[in-house]
Protein chains: 2
Amino acid sequence: MSDPRDDGKGRPTARSGGAEARGRARRQSQARILEAAEAVFAASGYDGATTAEIARRAGLPKANVHYYFATKEAIYRAVIDRTLKLWLSAFEPLGAEDDPAEALSAYVRAKMRHSREHPLASRIFAREMLAGAPVVRDFLETELRSWVRTKSAVLRGWAERGLMDPVDPPQLFFMIWAVTQTYADFDAQICAVLDKPRQTQRDFETATETVLKVLLEGCGVRRAAPAQAASTRVRAAS
Amino acid sequence: MSDPRDDGKGRPTARSGGAEARGRARRQSQARILEAAEAVFAASGYDGATTAEIARRAGLPKANVHYYFATKEAIYRAVIDRTLKLWLSAFEPLGAEDDPAEALSAYVRAKMRHSREHPLASRIFAREMLAGAPVVRDFLETELRSWVRTKSAVLRGWAERGLMDPVDPPQLFFMIWAVTQTYADFDAQICAVLDKPRQTQRDFETATETVLKVLLEGCGVRRAAPAQAASTRVRAAS
DNA sequence: GTCTATAACCTGATAGAC
DNA sequence: GTCTATCAGGTTATAGAC
């Protein structure tokens with residue numbers, strides 16, 4: 001997963017003069033391809049995407065795309081790599097000594113922001129899940145599983161200290177992920193029901209407040225003050 | 001949407017003797033194709049699905065599939081038709097005179113059961129949303145939107161009478177749908193995290209109880225007794 | 001490194017014998 | 001109504017000129 005661009009081509013020749021300029025152009029082309037591919041895979045899925053469409057969006061001839069990425073699958077793996085890094089970046093700490101209201105609130109807000117700012121990544125991830133996680137299964141079974149184990153212990157600790165209700169922690173995470181990601185993945189449904197061409201910033205804020213209220217009160221934690229985040233944590237009295 | 005099998009072929013000839021037997025065989029073949037197609041579309045999506053695979057699963061030669069459904073798209077539309085009917089069948093009444101705890105509880109339970117019993121339909125629906133609802137947009141903008149409008153008024157009425165907290169009703173429906181459907185759509189993720197080959201009946205019950213607790217307490221309604229359903233409704237005191 | 005032209009393959013759909 | 005054989009179109013990937 002760490003370097004999916006293993007096509008073995010295009011490495012700088014030993015006797016090159018302008019290697020740096022070429023390296024720049026190389027990275028820029030690759031970046032444009034990945035950005036185009038993200039949009040195409042999110043909209044059409046792996047099978048629906050075509051390398052021709054990716055090339056068109058990237059503003060390159062199709063053969064150029066295959067020069068940088070040997071196969072369509074290699075492009076997809078590179079995009080997934082990015083997606084997982086983004087997914088993980090939305091994972092707030094949730095430390096045992098944190099105040100549950102503050103920490104859970106910050107986590108849910110981070111996930112909501114992630115859906116708002118990176119809907120394409122969210123949709124690609126969702127498509128992977130629907131297909132049975134053929135590519136990201138290893139990630140789910142290692143990194144994500146161990147994250148859930150660790151954080152579940154933290155939540156059980158909070159419940160034992162009476163800071164929140166005893167809620168099955170993995171199930172709570174499934175709920176949080178489902179609710180926050182629906183604003184990216186099911187955008188078409190939400191827009192259709194609300195009779196709007198797209199979700200506005202205000203819709204997003206309403207959604208965030210509703211989600212925070214229902215999820216936090218639903219597991220028995222009092223809400224933190226709306227505006228502040230992880231920087232001004234309050235330690236829980238032990 | 002009502003009859004997507006509009007290929008115009010295969011209607012019984014006027015002078016036929018065994019028309020009934022042929023009609024039976026016809027319906028049976030169509031049913032087998034649709035069942036196979038549901039599985040293939042759910043697993044692979046529209047573009048990933050092949051008519052050859054659908055035929056193989058249905059136990060028929062490929063040409064036979066094209067005899068009953070002129071195009072791949074016609075098969076897909078027939079499957080979607082089924083899916084939407086199933087989706088609507090999980091919609092409990094939610095009447096203004098019902099007790100919110102009973103009614104919402106029954107609705108969430110129905111949606112959870114639907115995910116458990118019809119995961120393929122749920123995944124096909126999810127893929128449609130991810131693709132921007134090209135086929136079901138009309139359904140979303142008419143039937144579903146009007147359902148949400150009607151039921152939102154019911155929820156606002158409950159909130160005004162102090163039977164639940166004032167929660168933005170459409171947002172609450174989005175949350176309920178997201179949470180309940182995740183158990184079908186993101187099954188791969190849930191199994192991977194829980195380290196199980198599949199979700200057991202017990203996992204499903206834990207999930208249902210957790211979802212009910214968090215969602216109902218999250219919008220300020222007291223939980224109804226677990227076992228009973230819509231038959232023994234309690235009228236809300238007005 | 002870049003791009004045009006093309007090869008190799010697969011898929012949806014059909015023709016036509018039975 | 002059923003099924004084998006095949007066509008037409010589109011896709012991934014590559015060869016080879018520049």
Side-chain angles (χ1 to χ4, degrees), chain A residues 5-33 36-37 40-41 44-79, chain B residues 4-33 36-37 40-41 43-79:
Chain A
R5 297 166 297 285
D6 54 348
D7 56 41
K9 289 181 190 169
R11 53 196 176 285
T13 59
R15 54 176 172 81
S16 63
E20 272 181 45
R22 243 178 303 159
R24 253 199 312 280
R26 179 178 189 74
R27 274 190 300 277
Q28 195 183 357
S29 285
Q30 283 184 342
R32 289 175 66 177
I33 292 167
V40 175
F41 283 130
S44 312
Y46 182 82
D47 293 300
T50 65
T51 55
E53 172 70 5
I54 292 171
R56 202 190 56 75
R57 278 220 191 208
L60 293 169
K62 189 169 61 127
N64 234 349
V65 170
H66 278 97
Y67 173 73
Y68 285 111
F69 298 90
T71 65
K72 176 176 164 179
E73 189 181 334
I75 309 176
Y76 182 69
R77 296 190 106 91
V79 170
Chain B
R5 298 168 296 285
D6 52 349
D7 57 42
K9 291 181 190 168
R11 54 197 176 282
T13 58
R15 51 172 176 83
S16 62
E20 274 181 42
R22 243 176 304 156
R24 251 200 313 280
R26 181 177 189 77
R27 275 191 300 276
Q28 194 182 359
S29 285
Q30 283 184 340
R32 288 173 69 177
I33 292 168
V40 175
F41 283 129
S44 311
Y46 183 81
D47 293 299
T50 66
T51 56
E53 172 70 6
I54 292 171
R56 201 190 55 74
R57 278 219 192 210
L60 294 170
K62 188 165 65 120
N64 233 346
V65 171
H66 278 98
Y67 172 74
Y68 285 110
F69 298 90
T71 66
K72 177 176 165 180
E73 189 181 332
I75 309 175
Y76 182 69
R77 295 190 107 92
V79 170

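Every chain is numbered from 1, with letters handed out A, B, ... down the list of sequences.
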Colleague: Just to be sure I follow the notation: if a pair is Watson-Crick (purine N1 to pyrimidine N3 plus N6-O4 or O6-N4) or a G-U wobble (N1-O2 and O6-N3), each under 3.5 Å, what dot-bracket string does DNA chain D give, with | for pairs to another strand?
Modeller: ||||||||||||||||||
Colleague: Rounded to the nearest 0.5 Å, what separation is found between the CZ atom of B/Arg56 and the CD atom of B/Glu53?
Modeller: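 Going from CZ on B/Arg56 over to CD on B/Glu53, the span is 4.5 Å.
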Colleague: When rounded to the nearest 0.5 angstrom, what is the spacing between CG in B/Asp47 and OG1 in A/Thr50?
Modeller: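 Those atoms lie 10.0 Å apart.
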Colleague: For A/Ala55, report the nucleic acid contact type (base, sugar-phosphate, nothing); a contact means any heavy atom under 4.0 Å.
Modeller: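 A/Ala55: no heavy atom of the nucleic acid under 4.0 Å.
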Colleague: Evaluate the side-chain proximity of A/Tyr68 to A/Arg32: yes if any heavy-atom separation is below 4.5 Å, no if none is.
Modeller: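 Answer no - side chains too far apart.
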Colleague: So how far is it from B/Gln30 CD to B/Tyr67 OH, rounded to the nearest 0.5 Å?
Modeller: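 Rounded to the nearest 0.5 Å, the CD-OH separation comes to 9.5 Å.
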Colleague: Of the listed nucleotides (D/dA13, C/dA13, C/dC3), which one gets closest to any side-chain atom of A/His66?
Modeller: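 For the A/His66 side chain, the nearest candidate turns out to be D/dA13.
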Colleague: In whole angstrom, give the distance that lies between atom NZ of A/Lys62 and atom C1' of C/dC3.
Modeller: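 Distance check: A/Lys62 NZ to C/dC3 C1' gives 12 Å.
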Colleague: At less than 4.0 Å, is any side-chain N or O atom of B/Thr50 found next to OP1 or OP2 of C/dT11? Yes or no.
Modeller: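 Checking B/Thr50 against C/dT11: no side-chain N or O falls below 4.0 Å of OP1 or OP2.
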Colleague: Could you check if a side-chain atom of A/Ile75 sits within less than 4.5 angstrom of a side-chain atom of A/Phe41, using non-hydrogen atoms only?
Modeller: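 Touching, per the 4.5 Å side-chain cut-off.
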Colleague: Roughly, in whole Å, what's the span from CG in B/Leu60 to P in D/dC3?
Modeller: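 It is 7 Å, rounded to the nearest whole Å.
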Colleague: Roughly how many Å is it from CZ in B/Phe69 to P in C/dT11, rounded to a whole number?
Modeller: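 Interatomic distance, CZ of B/Phe69 to P of C/dT11: 21 Å.
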Colleague: Atom CD1 of B/Ile54 and atom P of C/dA13: how far apart are they, to the nearest Å?
Modeller: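 My rounded result for the distance is 10 Å.
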Colleague: Are OP1 or OP2 of C/dG1 and a side-chain N or O of A/Tyr67 less than 4.0 angstrom apart?
Modeller: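 For C/dG1, OP1/OP2 do have a side-chain N/O of A/Tyr67 under 4.0 Å.
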Colleague: With rounding to the nearest 0.5 Å, note down the distance linking CD1 in B/Ile54 to CG in B/Leu60.
Modeller: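 Going from CD1 on B/Ile54 over to CG on B/Leu60, the span is 11.5 Å.
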Colleague: What nucleotide, of C/dA13, D/dT14, C/dT14, holds the atom closest to the side chain of B/Lys72?
Modeller: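 Out of C/dA13, D/dT14, C/dT14, the nucleotide with an atom closest to B/Lys72's side chain is C/dA13.
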Colleague: A/Asn64 has an atom CG; how far is it from atom C1' of D/dC18, in whole Å?
Modeller: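 Rounded to the whole Å, the gap is 14 Å.
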Colleague: Round to the nearest Å and state the distance from B/Ile75 atom CD1 to C/dT11 atom P.
Modeller: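 So the CD1-P distance, B/Ile75 to C/dT11, works out to 14 Å.
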Colleague: Donor-acceptor check, side chain of A/Lys72 to backbone of A/Tyr46, threshold 3.5 angstrom: yes or no?
Modeller: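 Such a contact is found between A/Lys72 side chain and A/Tyr46 backbone.
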Colleague: Return the value, rounded to whole Å, for the distance between atom CG of A/Asp47 and atom C1' of D/dT11.
Modeller: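 It works out to 12 Å between those atoms.
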Colleague: Is the phosphate of C/dG12, meaning OP1 or OP2, less than 4.0 Å from a side-chain N or O of B/Thr51?
Modeller: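 So the side-chain polar atoms of B/Thr51 do come within 4.0 Å of the phosphate oxygens OP1 or OP2 of C/dG12, strictly under.
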Colleague: Round to a whole Å and report the spacing from CD of B/Glu53 to C1' of C/dG12.
Modeller: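 Taking atom C1' of C/dG12 as the reference, CD of B/Glu53 is at 15 Å.
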Colleague: Taking 4.0 Å as the cut-off, does a side-chain nitrogen or oxygen of A/Tyr68 come that near to OP1 or OP2 on C/dG1?
Modeller: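 Negative; the distance criterion is not met.
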